[in-house]
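Notes for the one structure printed next.
Side-chain atoms are counted along with the backbone in the values below, which use heavy atoms only and exclude waters and symmetry mates.
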Amino acid sequence: MRRSTVVRWLSGAALIASIGLLSTMPAGSAAPRGEGGQVSGELRKWHTVTVDFAGPVASEADAAPNPFLDYRLQVTFLGPAGQIYAVPGFFDGDGNGGSRGAVWRARFTPDEAGTWIYQASFRQGASVAVELPPEAGTPAAFDGATGAFAVVDGDSDGPGFLKWGRLEYVGKHYLKFRDGPYWLKGGANSPENLLGYVGFDDTPDARHAFAPHASDWRAGDPVFNVAGADAGKGLVGALNYLALQRVNSVYFLPMNIGGDGQDTWPFVGPVARGGSPSNDNRHYDISKLAQWEAAFAHAQRGGIHLHIVLGEAENANKDELGGRQLTLERKLFYRELVARFGHHLALQWNVSEEYDGGGGYNLSTDSIKAFADYIQAVDPYDHPITVHQDSDPDVTWASFLADGRFSVTSFQYPGSVAGYGVEVERWRAKSVGAGRRLVISLDELRSATATNADAQRKEILWPTYLSGGQLEWYIEAEDQSLEDFRRYESLWTHTSHARRFLEEHLPFWEMEPQDDLLTRESSSLGGGQVLAKAGEVYAVYLPSASPSGSLDLSGAPGTFEQRWYSPRTGSFEGALLVVAGGGSLGLGEPPSAPTEDWAVLLKRVDSTQPTTMSTATRADTLTGVPGKPAVTGFSGVGEGQVLAGTVVIEAFVSSPDVTRVQFDLSGPKAVTWTERVTPYYFKGDSGPPNSVPNGWVTTLEPNGEYTLTVIATDSAGQASSRSVNFIIGNK
């Protein structure tokens, strides 16, 4: 918040006069109405407080004066610690969704317990609503009205975001809740016309009923048009379903006139859906906007962030509010949305979809900056601002680097997989180099379908997260028609599993992508991904765990716990291993399905604390203990596997102090092989230096059941072993 601007809204005299209200006010109460407004809402930190003023009687269709354009309500709130918020207000008819009345309203979310003082500025004049100077227009009606209210502390168990407060940019690669954790987006990018819903008033061309989700509606939830196919419950039911699936963001357009869906707008109408200079974009539909507010509040209580996209790619949509110009209609549109919905705790403003020519119309970077500047000027909460691009972001997003108006990206790489996280890592580095760290969000990648969830998980989801980015899922085939989110439940489930891994087990906001620490892993789908807090915690993602490779811990001496996590089930599997850092750590084999994708979690453990091994450890899995070299796994062979032809078997050992690794093969034919230098290959290696495995020609051995035992010995004579049973089955 730019305090130098907003402080002018509150005069010193008004402040002094208001102080007298504070001396006897109990917590959670409002001062008597008197000259001030009517305060309502739960008077608690982070909850919405509404202040209503009795002003001129008007109707939403009035033209002279226009209540949306020719009056301006601004309410300044002064907090217990001296914080100041200049909050835009709005005309709200009768205050209950009715189009005619005398209610002028401001919505505010206090960020501290204690007593808050407010003062109203109410000005009248031609188009005064979109003017920024406080002195614009002339005083009218209740101008100067003051009051106070006392707020109690927040609810640590409140639903959704109420327990954490406002989601903010804090100069890092992730947004953070003021009183809560860092946030990792895993959202729904479709349908973009989410608000084109039959249950909302005056939405005659709505494409959505969300009838399959009416059964997800719960008693006490908001309900809208009960005469519809979904009994007015579909949208809220859909939000309930998404919240249950831990989808934590929805992307939508509040105005798509002239765009793709052509079913969503906040104006009174009638509206030429394809776009027209004759459309009246200066009068707002009070009942519809009240319904939007109810839906948004419900989403927030379910932990769903609002990704509000203020413009669409198509030419006619861009022209509807004035094209490249910061017109009166565009300013009023921004101000009305901020005034009515900016009080919500978790939202971001996206200036435009495909600003650089998705429909062949380039808005220009200067236009986007001017639009963002106005949004920032009227938004008292400094919600994050972004813009979505169509072309190569290295070209079309470069001018927004280090620009204080932009804190989040909204990238698309249509038809691609964003380089298995390469673009995320490059843009993190670019933003650091420019002096303003950006939150790297990929909002439109290769389209999700009802059948490609596994591919999206391996090629997009985990590589993006472990490269330090975040995302939401675009569904091209149903971008305007999606009615049943259950069709994509596997996608939501995979995303939830990945988010839980990061949110519950990693300080991901302190970690950096370090893929070069992993070597000799499978090159499938771009190879492994590493996110690390050096010396403390490492997360590895392997699209294929055969082979899993080795992690360079030469700069991280000490003891670590190693666990395998299944991205498919969202659970840790197999034994907890205690391994040593300080060298190259072979990750070994996962508990099962080595050719599938796996994540590996390595956390440093305090050597002064006792470490408990998992009771699930099998007798043939690990006989090492802390202090001894541990054989952590194999590549090239798995338990019960049938081998044929030439195979390469490698053993992974955790300790750097290893003098000998002995392979003992028992079965129809016994063989012993000793290696003294890493990598430890059965049958050895050659090439400079020890880089090319010789391989084991199993056709030279009898078919049958075998056991391979690997014994690792250190310089002190301590030894540990691990065994694997398999079959040679050459034809």
Side-chain angles (χ1 to χ4, degrees), residues 33 37-38 40 50-75 87-107 120-131 136-143 145 195 197 199-206 224-225 227 254-255 257 263-273 276-296 320-321 327-343 378:
R33 179 167 181 170
Q38 183 67 46
S40 62
T50 299
V51 184
D52 290 342
F53 300 91
V57 176
S59 171
E60 66 183 18
D62 285 352
N66 178 339
F68 303 101
L69 185 60
D70 299 327
Y71 293 101
R72 183 188 66 196
L73 170 60
Q74 195 88 357
V75 183
V87 175
F90 55 95
F91 173 61
D92 206 34
D94 67 0
N96 295 304
S99 63
R100 182 174 178 81
V103 175
W104 299 79
R105 175 167 288 173
R107 294 182 177 129
S121 168
F122 190 67
R123 313 285 287 189
Q124 181 177 5
S127 304
V128 69
V130 299
E131 297 295 328
T138 58
F142 55 87
D143 181 68
L195 300 182
Y197 170 56
F200 290 145
D201 291 347
D202 303 315
T203 309
D205 304 295
F224 302 112
N225 178 13
M255 196 281 284
I257 297 169
D263 59 359
T264 304
W265 51 82
F267 313 121
V268 172
V271 168
R273 299 189 305 125
S276 171
S278 65
N279 281 339
D280 178 1
N281 302 323
R282 302 185 182 190
H283 291 84
Y284 284 76
D285 189 324
I286 290 173
S287 65
K288 182 192 294 188
L289 293 174
Q291 292 173 329
W292 286 10
E293 166 62 18
F296 295 164
E320 184 66 21
L321 295 178
T327 60
L328 181 151
E329 285 84 2
R330 190 178 295 280
K331 290 179 182 178
L332 184 61
F333 177 66
Y334 293 161
R335 190 184 195 280
E336 283 288 326
L337 292 181
V338 170
R340 294 172 187 274
F341 310 125
H343 65 99
V378 297

Using ring-ring contact (aromatic ring centres under 6.0 Å, His included) as the criterion, list what pairs up with Phe296, not counting sequence neighbours.
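Phe296: ring-ring contact (aromatic ring centres under 6.0 Å, His included) contacts with Phe252, Phe341.
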Start with the C-alpha gap between Phe53 and Leu73, add the side-chain angles, then the distance that decides, and say whether side chain to side chain contact (heavy atoms under 4.5 Å, CB included) holds.
CA-CA 10 Å; Phe53 300 91; Leu73 170 60; 4.2 Å; yes
Do [X] and [Y] make a side-chain contact, defined as non-hydrogen atoms from C-beta onward lying under 4.5 Å apart?
X      : Y      : answer
Asp143 : Ser121 : yes
Phe333 : Glu329 : no
Asn281 : Leu321 : yes
Arg105 : Thr50  : yes
Arg100 : Val57  : yes
Leu328 : Arg282 : yes
Asp202 : Ser287 : yes

Minimum heavy-atom separation for [X] and [Y], please, with both atom names.
X      : Y      : answer
Pro254 : Pro266 : O-CD, 3.4 Å
Asp62  : Pro67  : O-CD, 3.7 Å
Val75  : Ala106 : CG2-CB, 3.7 Å
Ala339 : Gly89  : CB-O, 3.7 Å
Asn279 : Ala272 : OD1-N, 2.8 Å
Gly199 : Phe224 : O-CB, 3.1 Å

Decide side chain to side chain contact (heavy atoms under 4.5 Å, CB included) for Arg107 and Val51; before the verdict, give the C-alpha distance in whole Å, the side-chain angles of both, and the deciding distance to 0.1 Å.
CA-CA 7 Å; Arg107 294 182 177 129; Val51 184; over 6 Å; no
Indicate, with yes or no, if the rings of [X] and [Y] have centres closer together than 6.0 Å.
X      : Y      : result
Tyr71  : Phe122 : yes
Trp104 : Phe91  : yes
Phe90  : Phe68  : no

Could you check whether any side-chain N or O of [X] sits under 3.5 Å from a backbone N or O of [Y], counting only pairs where one atom can act as donor and the other as acceptor?
X      : Y      : answer
Arg72  : Arg123 : no
Gln291 : Asp201 : yes
Asp280 : Gly269 : no
Ser278 : Ser276 : no
Asn96  : Gly98  : no
Asp92  : Ile286 : no

Not counting sequence neighbours, which residues clear salt bridge (charged side-chain N to carboxylate O under 4.0 Å, His left out) with Arg335? List them please.
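Expected list: none.
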In Å, rounded to the nearest 0.5 Å, how long is the span from CD of Glu336 to CG of Leu289?
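The CD atom of Glu336 sits 7.5 Å away from the CG atom of Leu289.
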If you measure from OG on Ser99 to NZ on Lys288, what distance do you get to the nearest 0.5 Å?
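The OG atom of Ser99 sits 14.0 Å away from the NZ atom of Lys288.
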Report the C-alpha separation of Asp263 and Arg273 in whole Å, then their side-chain angles, then the decisive distance to 0.1 Å, and conclude whether the salt bridge (charged side-chain N to carboxylate O under 4.0 Å, His left out) test is met.
CA-CA 7 Å; Asp263 59 359; Arg273 299 189 305 125; over 6 Å; no
Report the C-alpha distance between Val87 and Gln74 in whole Å, list the side-chain angles of each, state the deciding distance to 0.1 Å, and finish with yes or no for side chain to side chain contact (heavy atoms under 4.5 Å, CB included).
CA-CA 6 Å; Val87 175; Gln74 195 88 357; over 6 Å; no
Let's go through Leu69 and Leu332 carefully: what are the C-alpha distance in whole Å and the side-chain angles of both, what is the deciding distance for side chain to side chain contact (heavy atoms under 4.5 Å, CB included) to 0.1 Å, and is it a yes or a no?
CA-CA 7 Å; Leu69 185 60; Leu332 184 61; 4.2 Å; yes
Under a plain distance cut-off of 3.5 Å, with no hydrogens placed, do Gln124 and Asp70 share a side-chain donor-acceptor pair?
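No pair is found: no donor N or O on one side chain lies under 3.5 Å from an acceptor on the other.
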Give me the one residue out of Trp265, Phe267, Trp292 that meets ring-ring contact (aromatic ring centres under 6.0 Å, His included) with Tyr284.
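When ring-ring contact (aromatic ring centres under 6.0 Å, His included) is applied between Tyr284 and each of Trp265, Phe267, Trp292, only Phe267 qualifies.
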